Amino acid sequence: MLKLGPVRIPNPSVMGILNVTPDSFSDGGRFDRVDLALRQAESMIADGAALIDVGGESTRPGADAVEVAEELDRVIPVIEALRNLSDVPISVDTSKAPVMRAAVSAGASMINDVLALQEADALASAAQLGVAVCLMHMHGRPRTMQQNPQYDDVSQEVAEFLGARVRACVDAGIARDLICIDPGFGFGKTHGHNVELLANLRQLRRLDLPILVGVSRKSTLGEISGRAIGERMPASIAAAVIAVVNGAAIIRAHDVRETVDALRIASAVLGTK
Ligand code: YH5
């Protein structure tokens, strides 16, 4: 069992991805959007997701930023409705303090921040809210992060960055047992960097915190397998299993049912529970 404050989940666990960006749904108005999102969440829960990650800001390479009001409008109705429907722990994929606060009061118990609480007021808000946090490494910012990213030693630099953010969190009053860390696959990394991070994931275990990994459908897997985004499930599962063998506790995934099956095999062999 993994305990991240209010979040209690098996180790390893699958975090199901629930995108509530307009490009992820054909737009039939707000009711339709919330309804579709809820149905998707329900099926991920039935498939064994231990955690649902609700995100309203696209952080894909080159994506534009979203205004606070727009992001609130996308994620809060979905979190409220999901909270009424299920006890599943909900995380909110956001970097904005007002969205973090509204999401937690709507029922989220984890903040998943690809900017590792570096935006204005994010660190203080997370500390005050007392929920679990996921700190992710990103080199640069979404709009420009894939423009020739460079490192001397990617695994070491990611570990140093995450170590520094963990210290900042603890100094701000966030309990260590509320924190998990994520190397940020695809966020300011070449395909070679991503492969190296997956191979050296064990280096992050020195921080002695649960490791979350998001590899699902990402372009490095497309590069290696030669598959388009809709055809990357087998590659995503292979990467998820490697991540768990190398110490990941939580896998963020689109294809929950298949990933849960694969991780059952991995944990049976590893003897984890
Ligand atoms: C992550 O790794 N990723 S959003 C591009 C794709 C496919 C998927 C080209 N939020 C992470 O999922 N949060 C995202 O195909 C995340 N870790 C954490 N903690 C990007 C994404 C994606 C991008």
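Start at 1 and go down the list; that is how both ligands and their atoms are numbered. Quick caveat: nothing in here was measured; it's all calculated off a predicted structure.
Taking the six-membered ring for Trp and the full ring otherwise, the centers of Phe187 and His137 sit at least 6.0 Å from each other.
Contacts of Val213 with ligand 1, taken as heavy-atom pairs under 4.0 Å, are absent altogether. Contacts with ligand 1 closer than 4.0 Å are made by side-chain heavy atoms of Leu212 only, the backbone lying farther away. At a heavy-atom cutoff of 4.0 Å, ligand 1 is contacted by no atom of Val215, backbone or side chain.
Annotation for ligand 1: atoms under 4.0 Å from non-hydrogen atoms of Met136 are 1 (C), 17 (N), 18 (C). Residue-ligand proximity, Asn112 to ligand 1, at heavy-atom distances under 4.0 Å covers atoms 13 (N), 18 (C), 19 (N). Taking every heavy atom of Ile229 and a limit of under 4.0 angstrom, the matching atoms of ligand 1 come to 9 (C), 15 (O). Applying the 4.0 Å criterion to heavy atoms of Gly214 picks out, from ligand 1, the atoms 2 (O).
Residues Val92 and Asn112 form no side-chain contact, since every pair of their non-hydrogen atoms from C-beta on lies 4.5 Å or further apart. His191 is listed as a side-chain neighbour of Ser219, based on a closest heavy-atom distance under 4.5 Å. A heavy-atom distance below 4.5 Å is found between the side chains of Leu201 and Pro183.
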For this session: Decide yes or no on salt bridge (charged side-chain N to carboxylate O under 4.0 Å, His left out) for Asp35 and Arg39, but give the supporting numbers first.
Result: CA-CA 6 Å; Asp35 195 52; Arg39 274 190 275 157; 3.1 Å; yes
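Nearest-residue assignment for atom 11 (C) of ligand 1 (options Arg252, Glu57, His254; heavy-atom criterion): Arg252.
Here the protein heavy atom with the shortest distance to atom 18 (C) of ligand 1 is Asp182 OD2, 3.1 Å. For atom 23 (C) of ligand 1, the closest heavy atom belonging to the protein is Arg60 CG, 3.9 Å. With hydrogens left out, the protein atom closest to atom 4 (S) of ligand 1 is Thr59 OG1, 3.2 Å, a heavy atom. For atom 1 (C) of ligand 1, the nearest protein heavy atom (residue, atom name, distance) is Lys218 NZ, 3.5 Å.
For the residue pair Ser95 / Asp113, a side-chain donor-acceptor distance below 3.5 Å is found, with atom types taken as modelled.
Close N/O approach between Asp53 and ligand 1 is not found [any backbone or side-chain N/O within under 3.5 Å]. Taking distance alone, with nitrogen or oxygen atoms compared against 3.5 Å, Ser219 stays at or beyond that limit from ligand 1.
Checked options Glu71, Glu119, Glu57; the residue passing with Thr94 is Glu71 (criterion: side-chain hydrogen bond (donor to acceptor under 3.5 Å, both in side chains)).
One finds the CD1 atom of Ile174 at 11.5 Å from the CG atom of Asp177 (value rounded to the nearest 0.5 Å).
In this structure, Arg83 places its CZ atom where more than 12 heavy-atom neighbours from other residues, nucleotides or ligands lie under 6.0 Å away. More than 12 heavy atoms of other residues, nucleotides or ligands sit less than 6.0 Å from atom CZ of Arg101.
Note on ligand 1: Ser216 sits in its first shell, one or more heavy atoms being nearer than 4.0 Å.
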